[in-house]
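Inspection log for the structure reproduced underneath, given as structure tokens.
Throughout, numbering of the chain's residues begins at 1 and tracks the sequence.
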Amino acid sequence: MEHFYITLLLLFVSFVTLSLFVLFYKHRSNYSADNLPPGRPGLPLVGETLEFLSTGWKGHPEKFIFDRMAKYSSQVFKTNILGEPAAVFCGVACNKFLFSNENKLVTAWWPSSVDKIFPSSLQTSSKEESKKMRKLLPQFLKPEALQRYIGIMDAIANEHFASQWENKEQVLVFPLAKRYTFWLACRLFLSIEDPHRVSKFEEPFHLLASGIISLPIDLPGTPFNRAIKASNFIRKELLKIIKQRKVDLSEGKASPTQDILSHMLLTSDETGQFMTEVDIADKILGLLIGGHDTASAACTFIVKYLAELPHIYELVYKEQMEIAKSKAPGELLTWDDVQKMKYSWNVACEVLRLAPPLQGAFREAINDFIFNGFSIPKGWKLYWSANSTHRNPECFPEPLKFDPTRFEGKGPAPYTFVPFGGGPRMCPGKEYARLEILVFMHNIVKRFKWKKLVADEKIIVDPMPMPAKGLPVLLYPYKS
């Protein structure tokens, strides 16, 4: 019997040794091509993922990039992120190269965690689903449609501030900003107006957003596991809404053009096929994330910087009050009003430069190619970083200084300011985000001044920047 256990132990040790050998061999073989960019792949499986994520958790996401730019190359270095061999592209020339070669040399790529959280995309791929989504969006994001949204945005903002901010001495800005942008997304994409129905989704969406870009470890308590559970819950609720909308459309109680949900239900592809209810639920899920998460981060940091920079606040206040005084009591904002908010938008852009909600994005090499003298193998993942230009003194002198005048006149040089990406894959909701941010700025500055309650509050990135304590502020309302 003793010999039997010894044999089992030897077999187990041999199996583990062989597995580790195969793992290391496979890991190293990913980097066996000639003339690869400088850098290091890190450990098998995890690569440098923990360092990549932890610099964000510590509040300095640019550190992972800048440390390696200084050590290896200012333009491109190799690493391993989220279990994939990757080249990180940095700077203006790299942004131009990637954005100009979309669908030629590179294509969009999402981590495996995205496909697992959005399971209907496994039927094709995240890339194909994204292409379908981009065909559906233009009708709802074109200027004529956006002009109709401004009054709705302002009405919701008025109700939001009246119920959530007014008559309170202090508030937590970040959760309230998320509530505002999420309410807008629910109203404009799904025609859900009841704030109680909206609030039902808030916590699940927070868990979902936190787990999308994470290590895909599906164990109880992990961010990835919580994100999967949250997406399942939201999907079930969305399916109820979709089924009811189909009934309402058939009975004439809903309009075919009232929102993107109706459009999805009534639009077929080139072959005459309509999307399934689960497909629509997943696409709405993605839209709701994209339609509120980035803008809520931007709104939060606008409040942060306006609290820290009273001279900037006064200029924003002056511009917004000129607009407010031109309105009759109860009159909502219009497209023309928003076009007058030039200085306010310059301030918002400077916030987006210093605290970009989108830290960067992934691409995948379609074929082998050479960049800057280095070989990039087919199948490698490519990551571009917003901070590699936003905080680069060659692109923005005194990069840590808050200076809205950078956006006057012609503004920053091409490919330097990239909070919405660039090229064919530039965020299609860019103008939608501009409107909801400016409507938020208008409504907050005409009501309040405020003071930060935590002077040196830590900022964490997970995967978007957020104040660690939610940005508590003391409100000083203007007397009416």
Side-chain angles (χ1 to χ4, degrees), residues 62 90-100 141-143 146-147 150 294-295 297-299 301-326 333-360 384-442 444-446 465:
E62 72 281 1
C90 311
V92 177
C94 294
N95 288 347
K96 182 177 181 181
F97 178 86
L98 288 180
F99 298 159
S100 303
L141 298 175
K142 59 187 179 183
L146 291 169
Q147 289 181 38
I150 294 169
T294 52
C299 290
F301 281 89
I302 286 167
V303 173
K304 172 186 180 294
Y305 282 108
L306 290 183
E308 294 169 351
L309 303 163
H311 63 292
I312 302 288
Y313 172 93
E314 288 302 326
L315 292 171
V316 171
Y317 175 76
K318 180 182 177 184
E319 179 177 79
Q320 295 296 347
M321 287 311 294
E322 285 179 6
I323 295 167
K325 288 172 183 175
S326 72
L333 290 172
T334 65
W335 180 262
D336 289 339
D337 294 327
V338 174
Q339 303 318 305
K340 295 173 185 175
M341 301 179 186
K342 290 184 170 57
Y343 182 76
S344 297
W345 183 240
N346 288 346
V347 169
C349 286
E350 184 68 340
V351 170
L352 290 168
R353 182 186 71 82
L354 286 167
L358 181 70
Q359 298 293 305
W384 64 266
S385 162
N387 283 316
S388 73
T389 54
H390 285 194
R391 291 178 177 245
N392 188 330
E394 294 179 8
C395 303
F396 296 96
E398 296 183 85
L400 298 183
K401 179 183 177 182
F402 193 96
D403 182 8
T405 65
R406 302 179 198 272
F407 297 90
E408 293 177 355
K410 293 182 179 179
Y415 302 105
T416 59
F417 180 60
V418 290
F420 299 100
R425 294 203 56 76
M426 180 177 284
C427 175
K430 174 184 176 182
E431 190 65 14
Y432 172 87
R434 183 177 81 95
L435 296 181
E436 62 181 332
I437 289 168
L438 288 173
V439 169
F440 178 88
M441 292 177 75
H442 175 81
I444 192 172
V445 300
K446 78 177 184 181

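- Here the OG1 atom belonging to T294 is positioned 8.0 Å from the CG atom belonging to L358, to the nearest 0.5 angstrom.
- Counting heavy atoms from C-beta on, the side chains of P414 and K96 never come closer than 4.5 Å.
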Could you walk me through whether T405 and N346 pass the side chain to side chain contact (heavy atoms under 4.5 Å, CB included) check? CA-CA 7 Å; T405 65; N346 288 346; over 6 Å; no
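- Scanning both residues, V347 and F402, for their nearest heavy atoms gives O-CZ, 3.8 Å.
- Residue Q339 places its CD atom among more than 12 non-hydrogen atoms of other residues, nucleotides or ligands, all under 6.0 Å distant.
- By the side chain to side chain contact (heavy atoms under 4.5 Å, CB included) test, C395 is found to be paired with V92, T389, N392, T416, residues two or more places apart in sequence or in another chain being considered.
- The distance from atom NE2 of H311 to atom CG of L306, rounded to the nearest 0.5 Å, is 10.5 Å.
- Side-chain atoms of F417 and N95, non-hydrogen and from C-beta on, never get closer than 4.5 Å to each other.
- Put simply, the side chain of S388 gets close to the backbone of S385: a donor and an acceptor are under 3.5 Å apart.
- Separating the CD atom in E408 from the SG atom in C349 is a distance of 11.5 Å, to the nearest 0.5 Å.
- The CG atom of D403 lies 7.5 Å from the CD1 atom of I312; values are rounded to the nearest 0.5 Å.
- Counted within 6.0 Å of CD on Q147, heavy atoms from surrounding residues, nucleotides or ligands total more than 12; the atom is thus considered enclosed.
- Residue L352 comes nearest to P419 through the heavy atom pair CB-CB, 4.0 Å, listed as atom of the first residue, atom of the second, then distance.
- Looking only at side-chain heavy atoms (C-beta outward), F440 and I302 stay at 4.5 Å or farther from each other.
- M341 has its side chain within reach of L333: a pair of non-hydrogen atoms, C-beta onward, lies under 4.5 Å apart.
- Taking each heavy atom of R406 and E398 in turn, the nearest pair found is NH2-O, 2.8 Å.
- Looking only at distances, no side-chain donor or acceptor of E436 sits under 3.5 Å from a matching main-chain atom of A295.
- Looking at R353, its side chain does come within 3.5 Å of a backbone N or O of H390 through a donor-acceptor pair.
- Taking the six-membered ring where the residue is Trp, Y317 and Y313 present parallel rings, their angle staying beneath 30° rather than reaching 60°.
- The two atoms that bring L400 and L354 nearest to each other are CA-CD2, 4.2 Å, heavy atoms only.
- In terms of heavy-atom proximity, P465 sits nearest to Q359 at CD-NE2, 3.8 Å.
- Between W345 and V338, the closest side-chain pair of non-hydrogen atoms is not below 4.5 Å.
- Considering every non-hydrogen atom in both K342 and E319, the closest pair reads N-OE2, 3.3 Å.
- The CD atom of E350 lies 10.0 Å from the NZ atom of K401; values are rounded to the nearest 0.5 Å.
- Contact check for F396 versus P412: side-chain heavy atoms found under the 4.5 Å cut-off.
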